[in-house]
Amino acid sequence: MELQMIGGRQHGGWGGSGEYQPEIDPPLCACPFCGSDDVTVHNTHTPYYWAECEGCGAEGPRTRNGDAWRRSMSKAAAESLHREAFHAAIAAWNERSGH
């Protein structure tokens with residue numbers, strides 16, 4: 001996952017966003033409703049992610065890696081929380097897809 005972190009301890013914590021990279025990240029299954037392969041992973045700049053079909057708008061379960069991101073933490077710890085939540089969103093989407 002290509003992860004970009006913003007903020008910092010002085011601003012109350014780190015936020016971030018990630019971009020799905022098929023050559024690096026776990027595979028995303030096709031949409032179980034319309035069959036589209038145009039599935040993306042979204043987030044709210046917090047460790048709160050979900051997969052969404054760009055074809056029909058179906059969304060997978062939203063995953064969040066706790067409230068630890070609100071506390072003062074290192075950039076490396078925030079990146080780890082984001083990666084875990086990002087990959088959990090992919091796993092939740094794939095489980096919903098039945099793969």
Completion exercise
Between Leu28 and the options Ile90, Asp38, Asp37, the side chain to side chain contact (heavy atoms under 4.5 Å, CB included) test singles out Ile90

Exercise for the section: Following the transitive rule for hydrophobic clusters with a side-chain heavy-atom cut-off under 4.5 Å over Ile, Leu, Val, Met, Phe, Trp and Tyr, establish whether Val41 and Trp50 coincide in one cluster. Expected result: no

Handout entry: Heavy-atom pair with the smallest gap, counting every atom of Gly35 and Ala30
Key = O-CB, 3.7 Å

Completion exercise
What one should report as the nearest heavy-atom pair of Pro27 and Asn94 is O-ND2, 2.7 Å

Problem - Side chain to side chain, Pro32 and Trp93, heavy atoms closer than 4.5 Å - result: yes

Handout entry: Heavy-atom check, side chain of Cys56 versus side chain of Cys31, under 4.5 Å
Key = yes

Problem - Check: Asn43 side chain, Tyr48 main-chain N or O, donor-acceptor pair, under 3.5 Å - result: no

Exercise for the section: Check whether the ring centres of Tyr49 and His82 lie less than 6.0 Å apart, and answer yes or no. Expected result: yes

Completion exercise
Heavy-atom closest pair (Gly57 atom, Glu52 atom, distance to 0.1 Å) is O-CG, 4.2 Å

Problem - Donor on one side chain, acceptor on other, Thr40 and Glu54, under 3.5 Å - result: yes

